[in-house]
A.B. asks: 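My structure is below; once you've seen it, I'll send some questions.
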Amino acid sequence: MVAATGPAPGSELTAEADEVEERSSAGVLHVAAIFASHMVLQRNKPNAVFGALDADCAGMEVVAQIRDFDGSMVAQAHAYASKDLKDGLSPWRVMLPAQPEGGPYTLRVTAGNDFLEFEDVLIGEVWLAGGQSNMELELRNSENAEAALENCADPLLRFYNVPKTGVINRNAENAASWQESSPENSGVMSAVAYYFAHKLRSELDPDLPIGIVDCYIGGTSITCWMSEDALNSSEAGRGYLTRYERAIAGKTQEQFKLETDEWQTRFDAWNANIAAAKEADPDVTWDTLNEQYGACPWPPPVTPTSQYRPTGPFRAMLERIAPYSLAGFLWYQGEEDEPYCGSYRELLGMLIGEWRAIWSENLPFLIVQLPQWIDKKVDETEGDPMLWPVLREAQWDAAQSIDNVYVICTIDCGEYDNIHPVDKRTPGERLADCALRQVYGMSRIPVYGPTVLGFRCDPNGRVRLFFRYAHGLHFDGTTPGSRNQGSDAEPPSLVRSPESSGFELAGADGVFHPATAAIFVDCDIDDLVNSKVNVVDYNATEFGIPANSRSIGTITLACPDVPEPMSMRYAWRSWGPAPLFNSDGLPAQPFRLNLTDHTASNDDGE
């Protein structure tokens with residue numbers, strides 16, 4: 001099954017527009033379009049200011065200055081344009097010295113007699129929000145959008161939407177601008193990124209500006225955001241390139257245009273119908289919408305200029321804003337790569353490495369692990385293809401094995417039969433909590449759900465699991481939306497029946513069966529040490545246990561159909577029970593274990 005991801009419904013897509021006045025060029029001088037009035041620059045590290053000069057100006061000096069309101073110099077640096085031309089121009093990059101938060105300032109860039117000035121420049125924290133449609137889903141289309149927009153006015157929270165395109169679009173770049181958060185502007189901002197930035201603003205210094213660079217396109221594979229050289233360096237990447245080359249082989253430009261125009265007409269009509277139906281009835285279900293208007297016409301035709309082709313947005317979007325100085329990256333993507341989920345972990349590691357190399361910095365990389373979702377028709381006919389659990393595991397593993405990479409669990413989020421869940425506050429604020437703790441050092445912020453440390457099997461076929469971050473360990477609800485609400489919700493408890501526990505056991509035949517799960521809270525650290533459980537560190541603080549307590553969380557699993565368990569898994573479904581939480585309201589991470597090797601360390605990298 002190929003997931004019909006597509007752009008988020010109602011998302012503002014970059015469209016062809018009338019010619020816009022050139023705002024990033026003056027004479028021979030060209031500055032990258034992301035530099036504009038009202039921008040936010042990164043504090044406490046050198047800021048790269050970059051662009052190009054006309055070809056005949058190679059070697060000319062370029063000067064960048066930050067000036068205060070009275071014209072006094074705050075910072076200045078210079079560089080010389082390269083003599084090696086790129087795309088017919090001479091690139092240059094000036095590194096302004098690090099500055100603390102502040103502003104508003106003026107940024108002036110000069111080359112010979114030509115100059116550009118940008119007003120109302122702030123210095124604070126800047127994050128890049130990347131990925132596909134669930135990062136793209138805009139604040140105006142998210143849950144409780146009206147209330148959020150009514151209260152979003154904040155002149156120190158700003159964002160820049162990189163034009164969505166698969167080919168460089170200078171007209172769209174000229175039309176793009178930095179915007180202050182306001183009811184008039186923020187509707188087209190990533191909802192996830194807005195809630196992330198809003199929480200940073202509330203938790204950090206109230207005078208600290210926060211900037212978001214929105215850089216995403218719904219329906220894009222991870223390979224859309226990587227270079228051709230990177231993709232060619234691995235078998236997985238070459239597979240994507242080969243499939244793309246086969247798709248375009250033998251076609252003319254006229255065929256590409258005809259196919260694209262026909263698809264665009266169908267896609268625009270579908271989006272318009274969906275938008276009108278939702279406006280008429282905000283509670284309309286996707287069952288009703290699909291019955292009336294059919295499934296989303298996805299994917300679009302593959303063409304050499306499509307933003308959905310491998311490397312397209314990398315060249316036309318990411319490289320156009322790199323290396324704009326950042327605090328870190330936010331990443332919410334993976335849905336489009338479901339058919340090739342087995343190679344996602346390799347590609348994710350490559351992408352992280354390539355982005356960090358472009359920025360020449362080991363920047364924090366914060367990942368939203370995929371929430372729950374399954375297509376209703378698939379669920380009722382073919383059954384769960386069990387591919388999203390593989391993507392989630394790849395995202396989790398990247399955070400455990402790559403330095404300065406973190407993942408937030410959203411297994412308690414998502415919507416059945418809707419790949420674009422509208423609750424974007426939860427992932428946005430969890431990302432913010434992750435940044436506040438891991439990047440800004442606020443150790444009081446809870447970010448970990450119950451995390452398995454190890455296991456022990458007994459002769460009766462029971463499996464005992466040991467958890468850290470297990471304060472207040474309990475079961476609550478089953479699937480997203482069932483926690484403490486509705487007649488079908490189960491109250492928080494310490495025992496779960498097989499059908500609702502989320503835990504499964506398998507024997508030598510590899511067939512998984514749901515297991516009864518019972519929580520015990522009377523285990524002592526010494527019990528863990530003496531129980532032949534392979535863990536790395538027995539320090540109470542590292543277990544996530546309060547200093548005045550020595551008890552950790554344990555769960556005993558039992559299934560009469562599996563007398564000799566060989567493996568277990570939890571929440572290992574595209575959509576299914578995931579009821580385990582701690583008292584911080586954070587969910588347990590989906591995981592699976594081989595019970596025959598007597599190891600179960602699932603370290604969180606703290």
A.B. asks: Counting N and O atoms only, with roles assigned by atom type, does the side chain of N144 sit under 3.5 Å from a partner on the main chain of A147, one being a donor and the other an acceptor?
C.D. replies: no

A.B. asks: Please evaluate residues V213 and W127 with respect to the criterion side chain to side chain contact (heavy atoms under 4.5 Å, CB included), reporting the C-alpha separation (whole Å), side-chain torsions for both, the decisive distance (0.1 Å), and the verdict.
C.D. replies: CA-CA 6 Å; V213 178; W127 288 79; over 6 Å; no

A.B. asks: Nearest 0.5 angstrom please: L128 CG to D214 CG, how far?
C.D. replies: 8.5 Å

A.B. asks: Determine whether a donor-acceptor pair (N or O, by modelled atom type, separation under 3.5 Å) exists between the side chain of S583 and the backbone of H471.
C.D. replies: yes

A.B. asks: Output all residues satisfying salt bridge (Lys or Arg N to Asp or Glu O under 4.0 Å) with E180, sequence neighbours left out; order by chain, then residue number.
C.D. replies: R158

A.B. asks: Starting at CD of Q333, measure out to CH2 of W225 and round the result to the nearest 0.5 Å.
C.D. replies: 9.5 Å

A.B. asks: Using a strict cut-off of less than 4.0 Å between a Lys/Arg side-chain nitrogen and an Asp/Glu carboxylate oxygen, indicate whether R430 and D412 qualify as a salt bridge.
C.D. replies: yes

A.B. asks: Are F35 and Y324 near enough that their ring centres are under 6.0 Å apart?
C.D. replies: yes

A.B. asks: In the structure I gave you, are the side-chain heavy atoms of W388 and Q372 within less than 4.5 Å of one another anywhere?
C.D. replies: no

A.B. asks: Using side chain to side chain contact (heavy atoms under 4.5 Å, CB included) as the criterion, point out the one residue from I212, L157, N185 that pairs with Q179.
C.D. replies: N185

A.B. asks: Please give me the minimum heavy-atom distance between A571 and I411, naming the atom from each residue.
C.D. replies: CB-CG1, 4.2 Å

A.B. asks: Under the 3.5 angstrom rule, does the side chain of S186 hit a backbone N or O of S182 as a donor-acceptor pair?
C.D. replies: yes

A.B. asks: Applying side chain to side chain contact (heavy atoms under 4.5 Å, CB included) between V368 and each of F196, Y332, W331, report the one that passes.
C.D. replies: Y332

A.B. asks: Does the plane of the ring in F503 sit parallel, tilted or perpendicular to the ring in F467? Use 30° and 60° as the thresholds.
C.D. replies: perpendicular

A.B. asks: Applying side-chain hydrogen bond (donor to acceptor under 3.5 Å, both in side chains), name anything that partners D268, two or more places apart in sequence or on another chain.
C.D. replies: Q264

A.B. asks: Hey, are the side chains of D476 and P579 touching, using non-hydrogen atoms and a 4.5 Å cut-off?
C.D. replies: no

A.B. asks: Over 60° means perpendicular and under 30° means parallel, so classify the ring planes of F365 and F329, tilted if in between.
C.D. replies: tilted

A.B. asks: Answer yes or no: is there a side-chain heavy-atom contact under 4.5 Å between F118 and S37?
C.D. replies: yes

A.B. asks: Can you tell me which residue among T223, I358, T220 is in a side chain to side chain contact (heavy atoms under 4.5 Å, CB included) with F314?
C.D. replies: I358

A.B. asks: Can you name the residues that form a side-chain hydrogen bond (donor to acceptor under 3.5 Å, both in side chains) with K45, not counting sequence neighbours?
C.D. replies: E361

A.B. asks: Please report the closest heavy-atom contact between N134 and P421, naming both atoms and the distance.
C.D. replies: OD1-CD, 3.4 Å

A.B. asks: Give the ring-plane orientation class for F267 versus W263, where under 30° counts as parallel, over 60° as perpendicular and anything between as tilted.
C.D. replies: parallel

A.B. asks: Do C409 and P587 have side-chain heavy atoms sitting under 4.5 Å apart?
C.D. replies: yes

A.B. asks: Looking only at atom types and distance, does a side-chain atom of D423 sit under 3.5 Å from a main-chain N or O of T426, one as donor and one as acceptor?
C.D. replies: yes

A.B. asks: So R425 and E143, salt bridge (charged side-chain N to carboxylate O under 4.0 Å, His left out) or not? Walk me through it.
C.D. replies: CA-CA 8 Å; R425 178 187 292 272; E143 187 176 60; over 6 Å; no

A.B. asks: Take L139 and S190, measure what side chain to side chain contact (heavy atoms under 4.5 Å, CB included) needs, and give me the verdict at the end.
C.D. replies: CA-CA 6 Å; L139 186 59; S190 160; over 6 Å; no

A.B. asks: Can you list everything that forms a side-chain contact (heavy atoms from CB on, under 4.5 Å) with N418? Sequence neighbours excluded, please.
C.D. replies: W286, E415, H420

A.B. asks: For P313 and C224, which heavy atoms make the closest approach, and how far apart are they?
C.D. replies: CD-O, 3.3 Å

A.B. asks: To the nearest 0.5 Å, tell me how far W178 CH2 sits from L122 CG.
C.D. replies: 9.5 Å

A.B. asks: Taking NZ, NE, NH1 and NH2 as the nitrogens, is one of them in R43 or E125 under 4.0 Å from a carboxylate oxygen of the other?
C.D. replies: yes

A.B. asks: Backbone N or O of P590 within a donor-acceptor pair of the W396 side chain at under 3.5 Å?
C.D. replies: no

A.B. asks: Can any side-chain N or O of N582 pair as donor or acceptor with the backbone N or O of A470 at less than 3.5 Å?
C.D. replies: no

A.B. asks: Just checking, any donor-acceptor pair under 3.5 angstrom between side chains of N362 and R356?
C.D. replies: yes

A.B. asks: I'd like to know if the side chain of S133 and the backbone of E136 have a donor-acceptor N/O pair within less than 3.5 Å.
C.D. replies: no

A.B. asks: Considering all heavy atoms of both residues, which atom of Q307 and which atom of T165 are nearest to each other, and what is their separation?
C.D. replies: CB-C, 3.6 Å

A.B. asks: Are any of the side-chain heavy atoms of L13 and I217 separated by less than 4.5 Å?
C.D. replies: no

A.B. asks: Look only at the side chain of T451 and the backbone of G449, and say whether a donor-acceptor pair between them is shorter than 3.5 Å.
C.D. replies: yes

A.B. asks: Between R437 and E203, is there a side-chain N and carboxylate O pair less than 4.0 Å apart?
C.D. replies: no

A.B. asks: Cation-pi between R483 and F581: NZ/CZ under 6.0 Å from ring centre and within 45° of the ring axis?
C.D. replies: yes

A.B. asks: Ion pair present between E504 and R573, side-chain N to carboxylate O less than 4.0 angstrom?
C.D. replies: yes

A.B. asks: Only counting residues at least two apart or in another chain, list the ones meeting side-chain hydrogen bond (donor to acceptor under 3.5 Å, both in side chains) with T265.
C.D. replies: none

A.B. asks: Do the side chain of Q132 and the main chain of S221 share a donor and acceptor less than 3.5 angstrom apart?
C.D. replies: no

A.B. asks: What is the distance from atom CZ of R392 to atom CZ of F591, rounded to the nearest 0.5 Å?
C.D. replies: 14.0 Å

A.B. asks: Quick check: does any side chain N or O of E138 sit under 3.5 Å from a backbone N or O of E12, one acting as donor and the other as acceptor?
C.D. replies: yes

A.B. asks: Less than 4.5 Å apart, any side-chain heavy atom of I222 and any of L348?
C.D. replies: yes

A.B. asks: Measuring from N47:CG to N44:CG, what's the distance to the nearest 0.5 Å?
C.D. replies: 10.0 Å

A.B. asks: Run the salt-bridge test on K377 and E382 with the 4.0 Å N-O cut-off and return the result as yes or no.
C.D. replies: no

A.B. asks: Please determine which of R345, Q369, Q589, R592 meets the side chain to side chain donor-acceptor pair (under 3.5 Å) test together with E393.
C.D. replies: R592

A.B. asks: State, yes or no, whether a side-chain contact exists between L473 and L580 at a heavy-atom distance under 4.5 Å.
C.D. replies: yes

A.B. asks: Please examine the side chains of P155 and S181, heavy atoms only from C-beta on, and report whether any two atoms are closer than 4.5 Å.
C.D. replies: no

A.B. asks: Going from NZ on K376 to CH2 on W575, what distance comes out if it is rounded to the nearest 0.5 angstrom?
C.D. replies: 12.5 Å

A.B. asks: Could you pull out all residues at least two apart from S142 that satisfy side-chain hydrogen bond (donor to acceptor under 3.5 Å, both in side chains)?
C.D. replies: none

A.B. asks: For residues V188 and N161, report the shortest heavy-atom separation together with the two atoms involved.
C.D. replies: O-ND2, 3.3 Å

A.B. asks: Taking all atoms of both residues into account, what is the closest heavy-atom pair of P300 and Y308, and its distance?
C.D. replies: CG-CD1, 3.3 Å

A.B. asks: For E146, look at atom CD and say whether over 12 heavy atoms of other residues, nucleotides or ligands are found less than 6.0 Å away.
C.D. replies: no

